[in-house]
Amino acid sequence: MDEFSFINAIKPKIYNQQTLIKGIGDDAAVFRSTSDIVTTVDTFVEDIHFSLETMEPFHIGYRVLAANISDLAAMGAKPVFYLVSMCIPKKWNQKALEGIYQGMNELASMYQMDLIGGDTVSSDRLMISITAIGYVSKERARYRSHAKPGDIIFTTGTLGDSRAGLEILLHQQKCKDKDYYIKRHRLPEPRAAFALGLREIARVALNDISDGISNEANEIAEASGVELIIIEERIPVSPTFHQFSEEQQYEWKLSGGEDFELLGTVSEEHWPRVQEIAHQENTTIKQIGYVREAEEPRVLIQSQEEIKQLTKSGYTHLK
């Protein structure tokens, strides 16, 4: 199949967003909005960010789009459009490539996101680059720099599940709730609905947990010029997570990454309302610490035995 036939094969038959004026079929897409526009782009490389050893093509497509939707959620934006560019090696056949798009379409349909463009080229390794676009009400974009002393630190969901799922797939590890952990790795659930629900609250700092909470917390501390205190025993984990070794539990919940949950801070005054919104959106949420003034931005993690600095330890690109 040539490039143009492939584009026609994956071209949407209908579009969901009324703000879209022109989708696939011209030199560029056209859309119109009265909201602030948020854009994000991520590039994924075979055998670095995904592998057929642990995923089917459907899972790859689902997961790469989930990463971008999670970025939009961390900005408080509603996902509306996405574009996909792919570098395709000869070993990838049409059926497998269509499987990737089916995975993306499955997740996109949950948010009524429209595929509005992209590009395909030949390559010696599969690479997927997604640009996602979202809308956010004026002055309601969420920034890492919005944390203030006295804030409560919270996180959605449970942490470490995706890394546990990866280890199970790689090593065929037997454990309780095996299918649950594998699903958390292959089919993550971005917290976009919860983030949108926060739009009534004027100030919330958010960061999506893609590279591990140790990285994300430090990014908030640095951007806001504050100190974050995280209480280790409050970090939420799944009921059967304790079956793994203590070393694995500690590493995976702090540095495992790719859970695509949200880490955030909010004033103590607005914390009850955040909890209500989470309940309305069927999202679990937990307070895991607090923010205080600091001469130098940093993150401290407090356990029953000690309190120590938590440095960045998740996945870092170009390292």
Flag, side chain of Asp71 to backbone of Thr40, donor-acceptor distance under 3.5 Å: no

Transitive ILVMFWY side-chain link Trp252 to Ile235, under 4.5 Å: no

Contact check, side chains of Ile69 and Leu107, non-hydrogen atoms, under 4.5 Å: yes

Neighbour count above 12 (heavy atom, 6.0 Å) for Glu219 CD: yes

Side chains of Asn16 and Tyr111, donor plus acceptor under 3.5 Å: no

Neighbour count >12 (heavy atoms, 6.0 Å) for atom CD, Glu56: no

Residue Lys286 excluded, over 12 heavy atoms near NZ under 6.0 Å: yes

Salt bridge (charged side-chain N to carboxylate O under 4.0 Å, His left out) between Arg144 and Glu216, worked out: CA-CA 9 Å; Arg144 298 169 183 169; Glu216 322 306 352; 5.3 Å; no

Shortest non-hydrogen separation from Ile213 to Lys253 and the atoms involved: CG2-O, 3.5 Å

Contact check, side chains of Thr265 and Phe154, non-hydrogen atoms, under 4.5 Å: no

Non-hydrogen side-chain atoms of Met86 and Leu97 separated by less than 4.5 Å: yes

Modelled atom types, side-chain donor and acceptor of Asp119 and Ser85, under 3.5 Å: no

Ile182/Arg186 under side chain to side chain contact (heavy atoms under 4.5 Å, CB included): CA gap, chis, key distance, verdict: CA-CA 6 Å; Ile182 290 175; Arg186 288 176 166 173; 3.7 Å; yes

Leu196 to Ala77 - nearest heavy-atom pair and separation: CD2-C, 3.8 Å

Test item: side-chain donor near acceptor, Glu258 and His185, under 3.5 Å: no

Steps toward side chain to side chain contact (heavy atoms under 4.5 Å, CB included) verdict (Met104, Leu115): CA-CA 9 Å; Met104 287 188 282; Leu115 174 63; over 6 Å; no

Backbone N/O of Asp161 and side chain of Asp259: donor-acceptor pair under 3.5 Å: yes

Whether over 12 other heavy atoms sit under 6.0 Å from Glu246 CD: no

Least distance between heavy atoms, Gly225 atom then Pro297 atom: CA-CG, 3.8 Å

In one Ile/Leu/Val/Met/Phe/Trp/Tyr side-chain cluster, 4.5 Å: Ile231, Leu310: no

Check: Leu169 main-chain N/O paired with Gln172 side-chain donor or acceptor under 3.5 Å: yes

Transitive ILVMFWY side-chain link Tyr82 to Ile133, under 4.5 Å: yes

Separation between NZ of Lys91 and CG of Leu126, rounded to the nearest 0.5 Å: 8.0 Å

Ring centers of His59, Tyr62 separated by less than 6.0 Å: no

Close side-chain approach of Ser137 to Asp36, heavy-atom, < 4.5 Å: no

Spacing of Thr156 atom OG1 and Phe194 atom CZ [to the nearest 0.5 Å]: 6.5 Å

Aromatic ring proximity, centroids under 6.0 angstrom, Phe50 and Phe44: no

Distance-only side-chain donor-acceptor flag, Glu98 / Gln94, under 3.5 Å: yes

Pair Trp92, Glu46: side-chain N/O donor-acceptor within cut-off below 3.5 Å: yes

Min side-chain heavy-atom separation Phe31-Tyr15 under 4.5 Å: no

Any donor-acceptor N/O pair, Ser224 side chain to Val226 backbone, under 3.5 Å: no

Whether Ser109 side chain and Gln112 backbone form a donor-acceptor pair below 3.5 Å: no

CD/Gln18: more than 12 non-hydrogen atoms of other groups inside 6.0 Å: no

Arg63 side chain reached by Leu187 side chain, heavy atoms, under 4.5 Å: no

NZ/NE/NH1/NH2 to OD/OE distance under 4.0 Å, Arg184 and Glu261: yes

Heavy-atom neighbours of Asn282 CG exceed 12 at 6.0 Å: no

Main-chain N/O of Leu254 paired to Ser214 side chain as donor or acceptor, under 3.5 Å: yes

Donor-acceptor pair between Asp177 and Thr240 side chains, under 3.5 angstrom: yes

Shortest non-hydrogen contact from Ala195 toward Leu262: CB-CD1, 4.1 Å

Asp151/Arg203 ion pair, N-O < 4.0 Å: yes

Pro57 and Leu52, any side-chain heavy atoms less than 4.5 Å apart: yes

Worked verdict on Tyr181 versus Arg163 for side chain to side chain contact (heavy atoms under 4.5 Å, CB included): CA-CA 8 Å; Tyr181 290 109; Arg163 178 61 184 277; over 6 Å; no

Sub-4.5 Å side-chain heavy-atom contact between Pro12 and Ile24: yes

Side-chain donor/acceptor of Gln248 to backbone N/O of Ser245, under 3.5 Å: yes

Minimum heavy-atom distance between Leu206 and Ala73, given as atom pair plus value: CD1-O, 3.8 Å

Backbone N/O of Tyr101 and side chain of Asn105: donor-acceptor pair under 3.5 Å: no

Verify same cluster id: Met113, Met110 (apolar side-chain graph, 4.5 Å): yes

Minimal non-hydrogen separation, Ala74 against Asp208, with atom names: CB-N, 3.6 Å

Ser238 side chain to Tyr180 side chain, donor-acceptor N/O pair below 3.5 angstrom: yes

CA sep, side-chain torsions, deciding dist, call: Glu222, Lys312, side chain to side chain contact (heavy atoms under 4.5 Å, CB included): CA-CA 12 Å; Glu222 292 167 2; Lys312 294 183 180 181; 3.4 Å; yes

Polar side-chain atom of His49 near backbone of Val45 as donor-acceptor pair, under 3.5 Å: yes

Heavy-atom donor-acceptor pair, Ser35 side chain to Ser33 backbone, under 3.5 Å: no

Interatomic distance, Glu276 atom CD to His270 atom NE2 [nearest 0.5 angstrom]: 11.5 Å

Derivation and outcome, side chain to side chain donor-acceptor pair (under 3.5 Å), residues Glu233 and Gln304: CA-CA 8 Å; Glu233 65 182 17; Gln304 293 181 347; 3.3 Å; yes

Lys/Arg N to Asp/Glu carboxylate O, Glu200 vs Arg273, below 4.0 Å: yes

No-hydrogen, no-angle side-chain donor-acceptor test under 3.5 Å, Asp114 and Gln17: no

Glu268, CD atom: more than 12 neighbouring heavy atoms under 6.0 Å: no

Gap separating the CG atom of Leu83 from the CD1 atom of Ile116, nearest 0.5 angstrom: 4.5 Å

